[in-house]
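Scroll down for the structure; my scribbles are underneath it.
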Amino acid sequence: MGFTLEGVGLTHANGFRALAGVDMQVAPGERLALIGASGAGKTTLLRVIAASLRPGEGCVRLLDGEPWACSPRKLRGLRARIGLVHQSPPIPPRQRVVTAVLAGRLGQWPLWKSLASLVLPADPQGAQAELARLDLADRLYERCDRLSGGQLQRVALARVLYQKPDLLLADEPVSAMDPALSELTVALLNEEAVRRGVTLVASLHAVDLALRHFPRVVGVKDGAILFDLPAASVTEALLRELYAAEGGLPLAGSVAPDEAPAIVDLPPLRCA
Amino acid sequence: MSTAVRDPAALPRLGWTLAALVLLWPLLQLAEFKPAALFEAGNLNAMGHFVAGFLPPETAPDFLALLGKATVETLAMATAGIALAVLLAVPLGLILTRSLSIARLGPGRGGWLGTLIRALARGVLAVLRGVPELVWALLFVRVFGLGAAAGVLALGITYGGMLGKVYGEILESSDARPVRTLLEAGSGRLAALCYGLLPNAARELVSYTVYRWECAVRASVVMGFVGAGGLGQLMDQSMKMLNGGEAASILATFLVLVLAADALSELLRRRLA
């Protein structure tokens, strides 16, 4: 599912101007990374794309319609087709992993099925299959508060993979993982998007990860788009300007570009 | 201290504290709050006499049989009343919960409708619990006659109002992010409630419900008033006949029931932990 943003601006309730004049056009099946210093507006931008934050100005077009002009029922249907991986996994600590993953389909399941699944998980095989790709298959019936930060982040990722969205969004999905695991996880996201032909937008803190894995890279600075280029055309000077306030490029490191795993045929991730 | 690092909240805090004290003082005066009177020799003596009248507790077998029957009746009425209250409170409490509002995520339209419905539900809950259960009971006695039905209905309505308000507040004060995320992924409200809010809020909801059940057991004194039987009626009779020993046994039963409710609540909370 592609989308278009035209002159999108957003001011948060506390008066902070998070986005201003953002134009962006993304075709179905494109994969792009959002990079930029923290506080630049990456999260807000992703939430606008996910139709969960309504921009104050400008126009959002998702698929072929404007989400904010839809009826509530249609908007709900649209949201069920968008999967956003949050930076801090919003999963109740007492919930079991299987329930947290199956929750990805709540937008598609009828209410009776959702409720019945709380008593007896409706599709444990499906949940386990997604967890297996993230090397968490053995944690299916574990409680989420027994997991580490990086494992919980992968459970949240498994939920969105299980949702099978047409628009896959990820907000710093690897912020709690070590460099090698980050590499594999970002590759997995890309592999999923390529295999299913869906659009992928991920914000990443590590510039090298973004440049290695994504064909298109968007630099966000002070709520506006600084550059929107193919990864190969992103220059050192542009990056320096993007991170001027942070005084250095944030890198994931560890895996050199030439030994980065191929996008297809990934082995299952090793345990963190 | 330089003005740059002074806590901007310090002055308002001081102001609110002073305002609270200034308001509290006349209220204490009005309520004739004089704790010293408790410890004057004459008063201590009078209280001692009153308490002594309750000893020893009555333990005659036929009274204990009566007490047992009354206890079972009271438990039955309290449980029926709470069941009714929960039925009333759950839908109203859910309506109050703003974190379950899809409109708040930003709908196309209709946000004001949710606000209106919430205000209505708040009003209904206020009426339900604002009228004391005794008044409700007296009203229903005119329909059902003297007996348990009026009492159970009165309890259900008043406690439904209390439970609904507190359910809504417990749900609102639990972490709203999980439920918001689910709603943003197209989930319905009820499914989002069960997957996103209940895991965090279930313990509080259960312990408050059990606490209200405990209150309902005590409120059976009201039941006695409308002739519903149970411990309340027994208490009424004993007090009227100035039989302190019987009253003491009844009070001891109340104490045991309260302890039992406490244990039940603890058990359920541990199960849900």
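Each chain gets a letter, A, B and so on, in the order its sequence line appears, and its residues count up from 1.
Heavy atoms closer than 4.5 Å to chain B are found in the side chain of A:Gln163, but not in its backbone. If you measure heavy-atom distances from A:Leu118 to chain B, the contacts under 4.5 Å come from both the backbone and the side chain. Contacts between A:Pro93 and chain B at a heavy-atom distance below 4.5 Å involve backbone atoms as well as side-chain atoms.
Among residue pairs with one or both ends in residues 101-128 of chain A, none qualify as salt bridge (Lys or Arg N to Asp or Glu O under 4.0 Å); sequence neighbours excluded. A salt bridge (Lys or Arg N to Asp or Glu O under 4.0 Å) check over residues 9-18 of chain B, counting only residues at least two apart or in different chains, returns the pairs B:Asp7-B:Arg13.
Using a 4.5 Å cut-off between non-hydrogen atoms, the part of residues 158-177 of chain B that approaches chain A consists of B:Arg177. Within residues 76-92 of chain B, no residue has any heavy atom closer than 4.5 Å to a heavy atom of chain A.
Ion pairing between a basic and an acidic side chain is recognised when a charged N comes within 4.0 Å of a carboxylate O; A:Arg133 and A:Glu130 show such pairing. A salt bridge does not link B:Glu184 to A:Arg54: none of the charged side-chain nitrogens sits closer than 4.0 Å to a carboxylate oxygen.
Contact count against chain B (heavy-atom pairs under 4.5 Å) is highest for A:Pro92 among A:Gly104, A:Ala100, A:Ala80, A:Pro92. Of all the listed residues (B:Ala185, B:Ala191, B:Cys194, B:Ala192), the one sharing the greatest number of non-hydrogen pairs under 4.5 Å with chain A is B:Ala185.
The aromatic rings of B:Phe140 and B:Phe144 lie tilted to each other, with the angle between the two planes from 30° to 60°.
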